[in-house]
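Predicted model, so just to flag it, every value in this text is computed and none were measured. Note on naming: letters A, B, ... go to the chains in the order of the sequence lines (proteins, then strands), and numbering restarts at 1 for each one.
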Amino acid sequence: MNGYGTALAVCTCGGTLCGRLDVERIVAAPGFASALVIHDLCLPAGSARVASWLRETAADSLVVAACGVPAAVQAVVEVSRAAGVAEHRTSLVDLREGCAWVHTQADQATAKALRMVASAAAGVRESTPPVPDVEVRPSGRVLVVGTGPGSLAAAARLKDLGCEAVLISGTLERFEGQAGEFKARIRTDQGVECHAVGAVIAAGDAPARMPAVQAGQRVAFLLEGDPWPSVTESTLSAALHLARDCGCRVLVLFRDMGVAGRGLEELYREARGSGVTFVRMEEGSLRIVEAGGEWVVTLEVPGLGSVTETVDVLVSGATDALQGTRGLAEVLGVAPRKGGWAPRERALLEPVATERNGVFLIGSARGPYTTDQAVRQGEAAAMAALSVAAPGVIAVSARASVDVERCAFCLTCLRVCPHQAVTTALGQTMRVLPAACQGCGVCAAACPAGAIQITESPNRRLLAEMDALMNGPPLGGRPTVVFACANSAVPALQALGRLRLSYPAQVLVVPVPCLGRLEAVHCVRPLAAGARRVLLCGCYDRSCEHLVGPATARRVVERASALAGTLGLDPGAIHVASLAPVDWHKLGQILGVSCDDGDRNGGEASKVTAHATA
Amino acid sequence: MLPREARALPGRTDPAWAPVIETASGERVGLCFGCGICTGSCPLAPAMDMLPSRLMKAVQLGLKERVLKATAPYLCVGCETCAVRCPNGIDVARVMDAVRQAGLARGGPVPRVDIQRFHQWFLRTVRLFGRAHEGLLSAGFSLQQGRLREDLPTGWALMRHGRLALWPHFIRRRREVRRLFRAIGQRGGR
Ligand code: SF4
Ligand code: SF4
Ligand code: SF4
Ligand code: SF4
């Protein structure tokens with residue numbers, strides 16, 4: 001890297017962008033050492049031309065303004081490699097779906113394009129070389145917790161796959177480290193054992209606890225609490241047994257029915273057919289009074305008003321080993337969710353994974369599953385564990401790193417990291433475990449010393465990009481800054497682009513790995529620079545891959561609003577909006593796209609729309 | 001939504017009542033999981049105080065007082081749309097019937113006396129002539145309700161257009177129809 005200055009290549013996508021953008025003005029953007037217009041970046045000839053031009057210009061960094069298709073991304077990687085420009089010194093601007101296709105007025109779109117290009121240039125200038133890769137050497141051993149059919153199936157499959165399954169018969173006491181090199185401490189009757197393992201597959205043990213009930217008594221199962229438990233297999237079987245075989249009157253008071261799955265639907269139907277009455281409770285309406293050895297249960301039933309039932313036996317909580325599962329989840333460092341079950345996020349894509357890399361939960365540790373479901377999950381978990389625990393060497397690139405010079409050792413990052421990726425020990429510095437870190441940036445936002453750098457968007461780079469985006473040619477109105485979560489808002493924005501739905505060019509987008517990456521200063525800074533609104537668009541709470549993103553964002557917005565107020569800026573200008581990646585429709589409404597298929601997504605979106613366009 | 005008076009009725013459950021209605025209707029009310037498809041398809045639901053799906057839950061719980069005070073079972077016209085659509089194969093109309101029967105069996109005024117009288121006049125004409133006779137039905141019902149004066153112009157207009165026959169149509173073997181009525185009466189039908 002002996003060059004100097006930043007080079008700019010603009011691809012017109014076969015000339016189709018020329019009418020929608022003033023390409024002449026864009027290539028004349030200030031601050032670039034040299035600039036080039038091409039029409040076919042994603043074809044071999046085009047990328048070859050860029051590579052030879054780049055070698056001639058001898059620039060040390062490169063901004064390519066094109067589209068966001070994988071072929072273009074690949075072309076930029078190849079070009080930079082061929083011309084000897086470091087990969088972190090290149091940046092690709094999606095000028096097509098992110099600008100030309102979504103804005104109708106060419107002059108405004110061009111102004112926005114100029115800002116986007118300047119922002120990318122500011123970003124590459126502030127980029128830092130990535131931390132060298134770290135090698136992880138898994139031993140091929142996988143810890144299997146639990147002795148049920150799911151665990152046994154997992155162990156058998158692991159053996160087939162050439163891994164060693166460590167089946168334990170004791171309680172897991174401590175579990176630390178990162179995928180590929182965990183350390184587990186297990187207490188057995190004989191004492192304490194320690195194991196080094198690459199991954200863990202855990203099943204809770206769920207002995208269905210049958211309540212002590214006499215024939216003919218009135219029984220109520222009460223599935224209340226926080227988080228409230230679902231109606232599960234063991235509750236269903238217990239209720240069915242009491243109603244059908246013991247002549248009991250059985251009431252199941254629930255708020256959530258978790259019966260999807262093979263065998264469970266049938267069980268649920270059989271229970272209903274045998275006289276078990278299921279009642280969904282209205283939140284917070286339950287009252288229980290004990291009177292002479294009986295329980296008087298009063299609750300609000302939707303549409304029927306308040307209902308009172310007297311029972312002899314009250315089975316409260318679930319009959320499952322919820323407490324046991326909760327304890328297990330705690331030791332493994334995964335957060336229990338609604339119903340006391342372990343997380344089920346991304347259930348369709350990674351059905352047995354958790355938010356902690358290398359930790360897999362199956363069967364009754366995960367939810368109300370039947371035996372054959374647990375067996376299949378065990379086998380799936382064995383396959384998944386293979387990718388992190390198979391013997392060999394895995395090179396992992398660090399997505400976050402701690403600057404030990406700045407670190408004040410406050411342990412904030414250790415507490416907030418949702419993936420258990422920060423660690424330290426007596427006499428050691430704070431360390432991010434690369435095989436555990438998922439690059440969400442929650443720690444970087446929380447660190448009071450600003451000591452953590454996220455490889456993908458270091459603090460200074462993020463601020464430089466934002467500032468460049470805020471200062472540039474006029475957009476025909478005060479800008480709205482959208483912080484877009486990479487998991488939800490970015491795909492939704494791309495969908496808007498592909499559908500060519502137009503929204504105002506005053507919308508400026510700043511992608512972030514997760515809304516948890518943002519601090520109050522990120523929200524206030526654009527306001528101070530003249531933005532009208534700041535929107536934090538990210539996932540819904542329940543689907544945030546990093547668990548805490550939306551909640552963190554709400555807290556940050558609260559703080560940022562107060563800060564804006566004291567600075568004399570509009571304290572009501574900062575908002576959070578929740579989206580799914582497929583919610584382009586809702587995002588369109590928020591950004592002011594005129595869609596004619598009505599207000600499908602309800603009031604929340606239109607409220608935000610009103611804010612965004614007010 | 002139930003009117004306030006009905007909601008104020010004792011919400012005490014009577015575990016013995018659900019089996020009574022199940023036997024009377026021949027339907028397994030317990031199977032209902034409250035999906036609300038019956039309510040969604042019922043043409044009378046907008047006029048009902050206790051929606052069909054809620055009524056099913058109320059029967060399951062044994063909320064006898066509230067169900068017997070509800071007017072919904074009287075509004076049900078027995079169109080059977082609910083029965084066709086219920087994912088659990090429950091014939092809600094039969095349950096409505098059983099609830100009406102239970103209300104009558106208990107004695108005392110029913111929640112919608114007018115609808116009850118209308119049904120009775122209808123059955124009277126069937127019993128007399130072997131098939132329904134609108135003339136007698138409307139005249140008798142109007143008279144009993146004390147609204148003959150209001151109804152007369154409508155009746156006259158219908159008659160002029162040949163929509164309301166004065167003379168009933170007798171069927172043959174009327175005695176067998178009467179025998180049917182007697183048999184139902186002996187089985188507790190009302
Ligand atoms: S970036 Fe996210 S996953 Fe990585 S250490 Fe920070 S908080 Fe943990
Ligand atoms: S939050 Fe920052 S200052 Fe605190 S321990 Fe972590 S890196 Fe150090
Ligand atoms: S039969 Fe009765 S309850 Fe069923 S849809 Fe018709 S009117 Fe409604
Ligand atoms: S359709 Fe059937 S199952 Fe659904 S609420 Fe009505 S009666 Fe119950």
So, the side chain of B:Lys57 versus the backbone of A:Phe278: is there a donor-acceptor pair under 3.5 Å, distance only?
yes

If you count the non-hydrogen atoms of other residues, nucleotides and ligands that lie under 6.0 Å from CD in A:Glu294, is the total more than 12?
yes

CZ (B:Phe118) with more than 12 external heavy atoms under 6.0 Å
no

More than 12 heavy atoms of other residues, nucleotides or ligands under 6.0 Å from CZ of B:Arg94: yes or no?
no

Under 4.5 Å to a heavy atom of chain B? For A:Arg249 that would be side chain

Side chain to side chain contact (heavy atoms under 4.5 Å, CB included) between A:Val307 and B:Thr13: does it pass, once the steps are laid out?
CA-CA 7 Å; A:Val307 170; B:Thr13 55; 3.5 Å; yes

Run the numbers on A:Arg269 and B:Asn88 for side chain to side chain contact (heavy atoms under 4.5 Å, CB included), then give the verdict.
CA-CA 9 Å; A:Arg269 184 181 165 91; B:Asn88 287 306; 3.1 Å; yes

For atom CZ of A:Arg287, decide whether the heavy atoms of other residues, nucleotides or ligands shown that lie under 6.0 angstrom number more than 12.
no

Spacing of B:Gln60 atom CD and A:Leu251 atom CG [to the nearest 0.5 Å]
9.5 Å

So how far is it from A:Thr310 OG1 to B:Arg12 CZ, rounded to the nearest 0.5 Å?
4.5 Å

Closest contact, heavy atoms only, A:Glu309 versus B:Leu61
OE1-O, 4.5 Å

To the closest 0.5 Å, what do you measure between CD (A:Glu265) and CZ (B:Phe33)?
7.5 Å

Heavy atoms of other groups near B:Arg117 CZ, more than 12 under 6.0 Å:
yes

Given that the side chain runs from C-beta out, which part of B:Arg28 has a heavy atom under 4.5 Å from chain A: side chain, backbone, both or neither?
side chain

Taking the side chain as everything from C-beta on, heavy atoms only, tell me whether A:Arg272 gets closer than 4.5 Å to B:Cys32.
no

Exactly one of B:Leu55, B:Val67, B:Leu51, B:Leu63 should register a side-chain contact (heavy atoms from CB on, under 4.5 Å) with A:Leu304. Which one does?
B:Leu63

